[in-house]
Amino acid sequence: FGLYHLSKMFLARTQRKLSVYINFTAEIGPGICFAHPVGIVINGKCRIGANCTIAQHVTLGWKSREPNIGCP
């Protein structure tokens, strides 16, 4: 039961408690601030720069013009 399993358990608990989903493959810069961390969804293909503030009920992701590819 290593650090990987502990981090996945912490991530699952945070997702349930705060209704926040942040994919672990998303590139997030330093200094990010979640103003009210409720209802935030960040896809794994997102790149968020340094010193960003994300408000509540925000979905960040990638969308393709092809049918059934991507996310909102």
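In what follows, residues are counted from 1 in the order of the sequence shown. Bear in mind that the values here come from a model prediction, so they are computed numbers and not experimental data.
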Quiz item: For the atom pair CD (Gln56) and OG (Ser19), what is the distance rounded to the nearest 0.5 Å?
Solution: 11.5 Å
Quiz prompt | CG-OH distance between Asn23 and Tyr21, expressed to the nearest 0.5 angstrom | solution = 4.0 Å
Could you pull out all residues at least two apart from [X] that satisfy side chain to side chain contact (heavy atoms under 4.5 Å, CB included)?
X: Ala26; answer: Ile28, Ile42
X: Thr53; answer: Cys33, Ala35
X: Thr14; answer: Phe10, Leu18

Practice problem: Kindly determine whether Val38 and His57 satisfy side-chain contact (heavy atoms from CB on, under 4.5 Å), including the steps that lead there. | Solution: CA-CA 6 Å; Val38 175; His57 300 292; 4.2 Å; yes
Quiz item: Are any non-hydrogen side-chain atoms of Ile22 and Phe34 less than 4.5 angstrom apart?
Solution: yes
Self-check item: Which atom of Ile48 lies closest to which atom of Ile54, heavy atoms considered
Solution: CD1-CD1, 3.9 Å
